[in-house]
Structure formats: C-alpha cells, structure tokens
Amino acid sequence: MGVFVMPSLGADMEDGTLTDWMVAVGDSVSRGDIIAVVETQKGAIEIECFEAGPVSDLIAQEGDVVPVGAPLAVIGAP
C-alpha cells in the first residue's frame, strides 16, 4: 500500500489546488499513469503516479487546496 502525496512541482511551491481526479476508487493504476490535475501559480499540471495497484481511497477532493507532502490518495490494498 502506498500513500500518494502532493508533490513539489517547483522550488517555491507550498500548495496546489486539486482540480481533477483522472481515476476513481477501484481503478487500477500503473507507474507513470496520470491520475490527477493540480493547479499551481504556474498553471495546471498533470500528476503521474509512482505506485501500481488499485486506488483504494481518494483522500483529497476536487477543489481542495493541498499542501506539498499532504496525502492525496491511497494506492494498493487498504
């Protein structure tokens, strides 16, 4: 099981707004799949996954402002 966290997408990034989930609970993902879109000061950025397995929980909701390092989702068996 892996916790997918808000990545740092720039040296000065403190948080980002989750604008879209590209996956749902129960979907199977592989390393490199685009699973979310995050809006930063520099624009919308597609976020890829570094885990493989089923999406077991989406912790953050679309529209949430999420700090770098905060959990977004759980991938793998709960």
Side-chain angles (χ1 to χ4, degrees):
M1 172 175 70
V3 177
F4 179 72
V5 300
M6 174 67 82
S8 176
L9 303 170
D12 60 345
M13 181 178 166
E14 295 180 10
D15 57 39
T17 302
L18 176 66
T19 59
D20 293 296
W21 277 116
M22 309 303 283
V23 296
V25 172
D27 288 354
S28 185
V29 296
S30 299
R31 183 178 173 90
D33 287 353
I34 302 298
I35 65 169
V37 178
V38 171
E39 183 76 30
T40 69
Q41 292 177 341
K42 298 182 182 189
I45 300 172
E46 294 178 332
I47 306 300
E48 66 182 61
C49 179
F50 297 103
E51 302 278 338
V55 177
S56 56
D57 189 17
L58 297 177
I59 298 167
Q61 303 299 310
E62 292 178 353
D64 286 354
V65 176
V66 183
V68 170
L72 292 172
V74 178
I75 298 173

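On a predicted model such as this, the values are computed, not experimentally measured, just so you know. Numbers for residues simply follow the sequence, beginning at 1.
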| Any idea which heavy atoms bring L58 and A24 closest together, and the distance? | CD1-CA, 4.2 Å
| field | Minimum heavy-atom distance between V66 and A70, given as atom pair plus value | value |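 That closest heavy-atom pairing would be CG1-CB, 3.6 Å.
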Run the side-chain donor-acceptor check on residues 12-23: report pairs under 3.5 Å with partners two or more places apart or on a different chain.
| unit_1 | atom_1 | unit_2 | atom_2 | d |
| --- | --- | --- | --- | --- |
| T19 | OG1 | V37 | O | 3.1 |
| W21 | NE1 | A60 | O | 2.9 |

Linked, directly or transitively: [X] and [Y] (ILVMFWY side chains, under 4.5 Å):
X: V65; Y: V38; result: no
X: I34; Y: I45; result: no
X: L72; Y: F50; result: no

Considering only distance and modelled atom types, tabulate donor-acceptor pairs under 3.5 Å from the side chains of residues 3-10, sequence neighbours left out.
| unit_1 | atom_1 | unit_2 | atom_2 | d |
| --- | --- | --- | --- | --- |
| S8 | OG | G10 | O | 3.1 |

| message | With a 3.5 Å distance limit and no angle check, can you tell me whether S56 reaches the backbone of G76 through a side-chain donor-acceptor pair? | response |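 Side chain of S56 to backbone of G76: a pair is present.
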| query | Got more than 12 heavy atoms from elsewhere within 6.0 Å of CD, E48? | reply | yes
| said: Please report the interatomic distance CD1(I35) to OG(S30), rounded to the nearest 0.5 Å. | reply: 11.5 Å
